[in-house]
Amino acid sequence: MSETENRPSNFIRQIINADLDSGKHTGVHTRFPPEPNGYLHIGHAKSICLNFGIAQDYQGQCNLRFDDTNPEKEDIDYVNSIQEDVKWLGFEWSGDVRYSSNYFDQLYGYAVELIEKGLAYVDFLNGEQMREYRGTLTAPGKNSPYRDTSVEENLALFEKMKNGEFKEGECSLRAKIDMTSSFMCMRDPVIYRVKFVHHHQTGDKWCIYPMYDFTHCISDALENITHSLCTLEFQDNRRLYDWVIDNISIATQPRQYEFSRLNLEYTVMSKRKLNDLVEEKLVNGWDDPRMPTIAGFRRRGYTPASIREFCQRIGVTKMDNTVEMGVLEACIREDLNENAPRAMAVLDPVRVVIENFKEDSVETLTVKNHPNDESMGTRAVPFTREVLIEAEDFREEANKKYKRLVLGKEVRLRGAYVIKAERVEKDADGNITTIYCSYDPDTLGKNPADGRKVKGVIHWVSASESLDAEVRLYDRLFTVPNPASEEDFHSVLNPESLTVIKGAKVEPYLATSEAEKAFQFERQGYFCLDSKDGSADNLVFNRTVGLRDTWAKISG
Ligand code: ATP
Ligand code: MG
């Protein structure tokens with residue numbers, strides 16, 4: 001079944017179905033409206049999958065619109081990364097990329113219309129006074145002394161604002177609504193402010209910029225958006241959204257619907273906090289594989305399909321909740337279990353000498369790339385007299401539960417022969433430096449002829465033919481499930497979120513790895529070549545995820 005056929009319904013789809021059935025709309029047009037002030041995170045992926053997914057399923061359209069009304073926090077780098085991330089997730093927007101700033105002329109015109117209707121005024125209260133006049137949740141606000149300025153005077157003042165004749169903070173344009181409303185956002189909200197800031201799209205054309213609440217609804221209407229989907233914190237603002245649309249001459253009437261944000265355990269999901277981590281160099285950039293950003297997950301080896309699957313599993317509701325990291329990890333693990341080729345890497349090598357194997361000889365073994373998928377083919381794996389195995393895969397003594405190599409006992413080397421540990425050599429401190437073994441040449445691809453049972457299988461690489469690699473193991477970025485609720489989220493950063501292993505050894509086939517394309521390192525987990533620091537000459541692998549959900553056990 002395709003992903004689309006699988007997509008479960010939700011309250012927003014029910015609203016859309018009703019609107020189509022009743023003939024209120026004949027098609028669906030959604031939009032994804034990021035502010036270009038940071039990289040997209042997994043929370044945005046939820047909104048992307050919802051908006052673009054609806055457009056796909058209803059043969060509708062979804063726009064990508066940059067909500068760019070705060071030029072001082074925005075950057076063209078973010079504009080570019082956001083487009084790349086949306087494409088990487090597998091979605092295509094309808095037509096050109098849009099910008100709220102495309103509509104600055106029209107927005108200005110609608111502001112003038114509100115002034116002409118006596119529904120907006122230029123206010124000279126300063127920030128502190130404005131707060132004082134606004135009142136509180138329990139006390140009504142009071143009218144600004146500038147509220148009753150004449151239409152003519154307001155028009156002239158607004159024009160002066162636009163022409164740069166007022167300083168920043170000296171005045172603003174406010175909608176004239178109701179200073180006693182129980183919705184704070186309706187107490188004469190500011191809709192334009194003065195800012196002498198260069199804009200990444202409009203340059204120095206404007207020194208006044210419209211506010212989000214005024215801009216968003218009008219942009220939706222201008223783009224003929226039918227269903228404007230946003231997160232619950234905008235619930236109250238829906239009054240203002242409708243007020244603006246109702247009071248300007250614009251034909252279409254988009255509707256806003258709110259759903260709950262995605263929160264994920266052991267991470268933070270606000271661009272401001274993520275930006276702090278980047279600025280303070282607590283992580284290595286927005287695409288650090290520990291970051292909950294799309295770019296971070298991508299660099300870590302997550303696939304677009306796994307993130308789309310995750311968004312599908314968590315669903316869309318109005319209920320606030322926090323999703324366990326295990327849900328996301330299950331999605332990538334399932335994907336890679338099926339689709340990632342297998343390979344062998346030894347992270348903590350110990351030397352094994354197979355004494356009855358020819359010296360200076362390399363035997364080429366043919367090993368399947370996937371145990372259950374013939375179509376993934378085979379690869380050549382060199383076998384030599386000296387191999388490396390994981391130090392923890394050998395014990396001098398062990399009970400029956402230990403299915404690895406034990407002194408005097410046998411184990412199978414994956415894809416190769418059965419070996420038997422004969423004796424060990426130790427250094428002055430008692431650490432094992434070499435395990436001397438013998439091998440049974442009659443066990444390649446078959447069990448020992450005399451019926452000996454060899455249960456354990458361990459991974460290995462040839463000592464002489466393997467390649468050096470650095471392996472980066474990632475853990476939770478924070479030590480508590482809800483770092484955002486801490487007074488200072490810095491205090492709960494996990495100091496062990498990154499472990500770098502320098503002396504790993506990998507089979508030669510891994511020199512052909514492509515960045516971001518994960519392998520299953522047998523018995524270790526899923527790993528991919530790092531897109532920034534890794535290359536054929538400098539193998540650096542990121543652990544995408546382990547083979548099993550060890551986290552659930554620890555936390556629960
Ligand atoms: P942040 O609080 O992380 O800075 P934001 O809401 O300011 O996020 P925008 O760029 O304005 O970020 O978001 C673009 C769209 O993505 C909006 O429609 C917003 O509602 C949605 N979105 C942002 N964060 C989440 C989240 N955690 N879960 C679901 N949707 C989200
Ligand atoms: Mg926002």
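Just follow the structure's listing: the first ligand is 1, and inside any ligand the first atom is 1.
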Has ligand 1 got any nitrogen or oxygen that is less than 3.5 angstrom from a nitrogen or oxygen of R272?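 Not met; the criterion fails.
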
Within the structure, does C230 bring an N/O atom to less than 3.5 angstrom of an N/O atom in ligand 1?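 By distance alone, the answer is no.
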
Picking from R147, R134, R193, R174, what satisfies salt bridge (Lys or Arg N to Asp or Glu O under 4.0 Å) with D123?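 The passing option is R174.
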
Heavy-atom contacts with [X] under 4.0 Å: which atoms of ligand 1 show up? List them by number with element.
{"X": "H44", "result": "8 (O), 9 (P), 10 (O), 12 (O), 13 (O), 14 (C), 16 (O), 22 (N), 23 (C)"}
{"X": "T231", "result": "19 (C), 20 (O), 29 (C), 30 (N), 31 (C)"}
{"X": "S270", "result": "3 (O)"}
{"X": "P33", "result": "14 (C), 18 (O)"}

Would you say F32 touches ligand 1, if touching means a heavy atom closer than 4.0 Å?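 A heavy atom of F32 does come that close to ligand 1.
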
Should the ring pair F52 and F32 be called parallel, tilted or perpendicular, given that the plane angle runs from 0 to 90° and is split at 30 and 60?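 Rings of F52 and F32: tilted, 30 to 60°.
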
What is the ring orientation for F541 with F521, classed by angle as parallel under 30°, tilted 30 to 60°, or perpendicular over 60°?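 The rings of F541 and F521 stand perpendicular, inter-plane angle above 60°.
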
Presence of salt bridge, R299 and D533, under 4.0 angstrom: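 Salt bridge: yes.
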
Do F234 and H216 make the cut of ring centroids closer than 6.0 angstrom?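 So the answer is no for these two rings.
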
Assess the residue pair R476 and E265 against the criterion (salt bridge (charged side-chain N to carboxylate O under 4.0 Å, His left out)); give the C-alpha distance rounded to whole Å, side-chain angles, the decisive distance to 0.1 Å, and a yes or no. CA-CA 9 Å; R476 304 296 185 260; E265 283 189 346; over 6 Å; no

If you take the nearest heavy atom of each of R65, K46, K271, H216, which one is closest to atom 1 (P) of ligand 1?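 Answer by nearest heavy atom: K271.
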
